[in-house]
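All remarks here apply to the structure that follows.
Proteins come first, then strands; the chains are lettered A, B, ... in the order of their sequence lines, and each starts at number 1. Scope of the values below: all heavy atoms of this structure, side chains included, with no hydrogens, waters or symmetry mates.
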Number of protein chains: 2
Amino acid sequence: MSRKSARPPRGGTRLNGRAGIRDVAAAAGVSITTVSDALNGKGRLPDATRRHVREVAERLGYRPSAAARTLRTGKSGLIGLTVTTYGEEPFTFTEFAYFAEMARAATSAALARGYALVILPAPARHSPFDVWSNVALDGTVVIDPSDQDPVVSELVRSGLPVVSDGRPSGSLPVTAWVDNDHEEAVQGLLDHLAESGARRIGLLTGTSTDTYTRLSTTAYLEWCERVGQDPVYETYPAHDPCAGAVAADRLLARPDRPDAVYGLFDPNGTDLLAAARRYGLRVPEDLLLVCCSESTVYATTEPPITTLSLKPGRIGNTVIQLLIDAIEGIGPSRPVQQVMPTDLIVRTSSQRRSARTTVSAPRAPASD
Amino acid sequence: MSRKSARPPRGGTRLNGRAGIRDVAAAAGVSITTVSDALNGKGRLPDATRRHVREVAERLGYRPSAAARTLRTGKSGLIGLTVTTYGEEPFTFTEFAYFAEMARAATSAALARGYALVILPAPARHSPFDVWSNVALDGTVVIDPSDQDPVVSELVRSGLPVVSDGRPSGSLPVTAWVDNDHEEAVQGLLDHLAESGARRIGLLTGTSTDTYTRLSTTAYLEWCERVGQDPVYETYPAHDPCAGAVAADRLLARPDRPDAVYGLFDPNGTDLLAAARRYGLRVPEDLLLVCCSESTVYATTEPPITTLSLKPGRIGNTVIQLLIDAIEGIGPSRPVQQVMPTDLIVRTSSQRRSARTTVSAPRAPASD
DNA sequence: CTGAAAGCGCTAACAA
DNA sequence: TTGTTAGCGCTTTCAG
């Protein structure tokens, strides 16, 4: 016997001590389907039944099991958020203010649409646990995917929607990506510096090959060519903060010292300011300064420094919308590539040099 | 017919297009039990079988279903991370540098033990979705739980381990909490100011009733009483940045103007510096300054400002260890309350006043 | 040492 | 309209 002993109505009574859907059904005098429908707003039940079931569920402290729902529906409501790290360190944020703001916006956006964000590590070199395969994800956001990120390609291959913040280098077939228009941003900012009187603009850039660095540097070189200026730049490994200070110093120590500098990375503003001080250069009188940063520090430095903001909040939000659209099959089925504008926050450090320069072209009052 | 049509070996073949455990079993010529055991390092299988199964699984691109595992085992490997917000805004971080660092450390610590962090909102007032009940959590970290946080009490009631960063006000029976020794920190810092020559130390504090504000303020008042100084303080709603600037100004405008100030919140340093400037007070000559902050800004202000660091990284890590211990049933079963030290980072703003002041009490060389 | 079978709690077809 | 039933894919006793 035993094989197929007319099994009892399935499921003893209650799980782990807390009420299950069957308990609610029993207590409300309905079937479990009705409970499920009533609670999920599905089906076509009389309002009375619905209310009744809800009330009973409430009274019993019923909490539906997310795991069971996920298993059944195939949707977990979870979105992965990962930062592929520059250096070796497992979990560093170099561009911290950027990430913090981006993550904040992404979290809000996701929550507003009923999803939660799971923070996941970049390809764990040899972690004893592979967290990635331990969580059911509906999709993933990848920040700054590096050249041949194994996790990303794995994810894409497995059919999971992946949206990237920053256009992926290489040809990772992500579902969508969002990025700033780095070329335009850099050229615009160089124009701004030129208008403020800069004659030779220098660049502080990185040695790494990520697209941000590459596009920005290229844009700089092109701009130089267009206006006929010799490029003046120094490179350093962006993840090393000390190297940045050294590179800033080097740049200002050159014989062909620039009279304006754009720094690609967040700490460059501070580094350049310090270097300028060492060489007795006044900002903005002797040296104009701009750097790319989300930090509010630069509003209160002495002098305040003009920054290029990448608007991480807007990006975080957009990325999430795109991803959830893909998850829910709303968006277009072909890859989306969205370019977002940047913001140049002009402060003293790049202000037109005072009187002397401004007055330089005295003319008759224009009358046209 | 059909009712009970001698059902086939269960499970068609493959799910959603990807390989399932059954496919692996079939391909490897073993039972699904063996596959499960081989992959999870359970059971006592010959190494050959184990390797073989692993290889087949790999070849098929098999990825175990996290949802199914969770349903079966009751463990999701997911930890909730929530910040109960001060104001009305759904997702603001006032103490941003603090949170960022704390979250970073917590994430690392969790990942190192095989868990991932899910960012969850504070009690969503009336969100259309209740994300909380949509994710299977093994436990939750709560940052700065407010007085009667409904989510926290609900979680605790439902038997989920909850560890709090910051001792919970009221009597929320959390599994454990971690907090700084705020009393000691404040008294130590006041002593430091006094040693640097402060005669009347003022306080910039908050109007809210959270424990941090309360404990710090009390510590200040007690210290004043002990050394026989009249308390000089201003309060303002900590979540309003403008109010902070105003309060700083008010404090320095008082007739009984303090000659040293401690500000409880991150932006206070900047605010106080600005206010001091307005009143023509030199720091540290006329006014000593300390504030509680994790921001690196204060290393480069003019002058650099002494800060009290709460060591959020250490707290984040500890909180996670405690939580996972509780989840895995390792730790002590009674509530743990862990107090962590703080760090006073002494910079120019609180340095001993130079000669003139030091000399202020000319006496005969003490000989006792 | 291996395999068959019994569910974890829920939702979605279908049957009544 | 409501209830019955068959699994979602996995782990885990328990027989072989």
Side-chain angles (χ1 to χ4, degrees), chain A residues 1-26 28-50 52-53 57 62-76 133-134 136, chain B residues 1-26 28-50 52-53 57 62-76 133-134 136:
Chain A
M1 31 91 237
S2 96
R3 267 214 70 179
K4 196 128 291 176
S5 58
R7 53 169 145 143
R10 181 72 168 293
T13 315
R14 41 184 55 230
L15 54 152
N16 192 17
R18 292 230 323 295
I21 196 173
R22 265 179 282 272
D23 301 285
V24 178
V30 296
S31 82
I32 60 171
T33 307
T34 307
V35 175
S36 176
D37 285 351
L39 262 34
N40 296 329
K42 297 272 182 71
R44 224 155 275 307
L45 310 179
D47 269 10
T49 311
R50 199 159 294 221
H52 179 225
V53 170
Y62 168 69
R63 291 253 149 272
S65 147
R69 196 217 285 315
T70 300
L71 178 57
R72 187 64 241 247
T73 62
K75 250 92 206 66
S76 66
S133 62
N134 268 337
Chain B
M1 27 98 237
S2 95
R3 270 213 69 181
K4 198 128 291 176
S5 58
R7 53 168 143 132
R10 183 72 169 293
T13 315
R14 40 186 53 230
L15 52 152
N16 191 18
R18 292 230 323 295
I21 195 172
R22 265 179 281 272
D23 301 284
V24 178
V30 296
S31 82
I32 60 171
T33 308
T34 306
V35 174
S36 176
D37 284 351
L39 262 34
N40 296 328
K42 299 271 183 70
R44 224 155 276 304
L45 310 178
D47 269 9
T49 311
R50 201 161 292 231
H52 179 225
V53 170
Y62 169 68
R63 291 251 148 275
S65 148
R69 198 218 283 316
T70 301
L71 179 57
R72 186 63 239 246
T73 63
K75 251 91 209 65
S76 67
S133 62
N134 269 336

Exercise. Reckon B:S65 has a side-chain N or O less than 4.0 Å from the OP1 or OP2 of D:dG9?
Worked result: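 The answer is no; no side-chain N or O of B:S65 sits under 4.0 Å from OP1 or OP2.
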
For this session: On DNA chain C, check which nucleotide each of A:R63 and B:V30 is closest to and give me the residue with the more 5' one.
Result: B:V30

Problem set entry | Residues which pass side chain to side chain contact (heavy atoms under 4.5 Å, CB included) with A:T70, listed by chain and number, not counting sequence neighbours |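 Scan of A:T70 (side chain to side chain contact (heavy atoms under 4.5 Å, CB included), adjacent residues dropped) gives A:S76, A:A136, B:A67.
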
Exercise. Which residues satisfy the side chain to side chain contact (heavy atoms under 4.5 Å, CB included) test with B:A26, sequence neighbours excluded?
Worked result: none

For this session: Check side-chain hydrogen bond (donor to acceptor under 3.5 Å, both in side chains) between A:S31 and all other residues, then give those that pass, not counting sequence neighbours.
Result: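 For A:S31 the side-chain hydrogen bond (donor to acceptor under 3.5 Å, both in side chains) partners, ignoring immediate neighbours, are A:T34.
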
Problem set entry | Pairing residues for A:T73 by the side-chain hydrogen bond (donor to acceptor under 3.5 Å, both in side chains) criterion, not counting sequence neighbours | none

Taking every non-hydrogen atom, the tightest pair across [X] and [Y]:
| X | Y | answer |
| --- | --- | --- |
| A:A38 | A:R50 | O-CG, 3.7 Å |
| A:P64 | A:R69 | CG-NH2, 4.1 Å |
| B:H52 | B:A28 | CE1-O, 3.2 Å |

Interatomic distance, [X] [atom1] vs [N] [atom2] [rounded to whole Å]:
| X | N | atom1 | atom2 | answer |
| --- | --- | --- | --- | --- |
| B:L39 | C:dT2 | CG | P | 15 Å |
| B:N134 | C:dT11 | CG | P | 10 Å |
| B:H52 | C:dT2 | NE2 | C1' | 15 Å |
| B:R22 | C:dA5 | CZ | P | 13 Å |
| B:K75 | D:dC10 | NZ | C1' | 16 Å |
| A:R50 | D:dT2 | CZ | C1' | 13 Å |

Exercise. For the side-chain contact (heavy atoms from CB on, under 4.5 Å) test, which of A:D23, A:I21, A:N40, A:T49 pairs with A:V35?
Worked result: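 Checked A:D23, A:I21, A:N40, A:T49 against A:V35; only one passes side-chain contact (heavy atoms from CB on, under 4.5 Å): A:I21.
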
Seminar exercise, completed: The bend of the helix from C:dC1-D:dG16 to C:dA16-D:dT1, taken between the axes of its five terminal pairs at each end and rounded to 10°, is 40°

Problem set entry | Shortest side-chain distance from B:T34, nucleotide among D:dG9, C:dT2, D:dT2 | C:dT2

Using a cutoff of under 3.5 Å, can you pull out all pairs of nitrogen or oxygen atoms linking the protein to nucleotides 11-14 of chain D, with atom names and distances?
unit_1	atom_1	unit_2	atom_2	d
D:dT11	OP1	B:N40	ND2	3.1
D:dT11	OP1	B:R69	NH1	2.3
D:dT11	OP2	B:S36	OG	2.9
D:dT11	O2	B:R72	NH1	2.3
D:dT12	OP2	B:K42	NZ	3.3
D:dT12	O4	B:T33	OG1	3.1

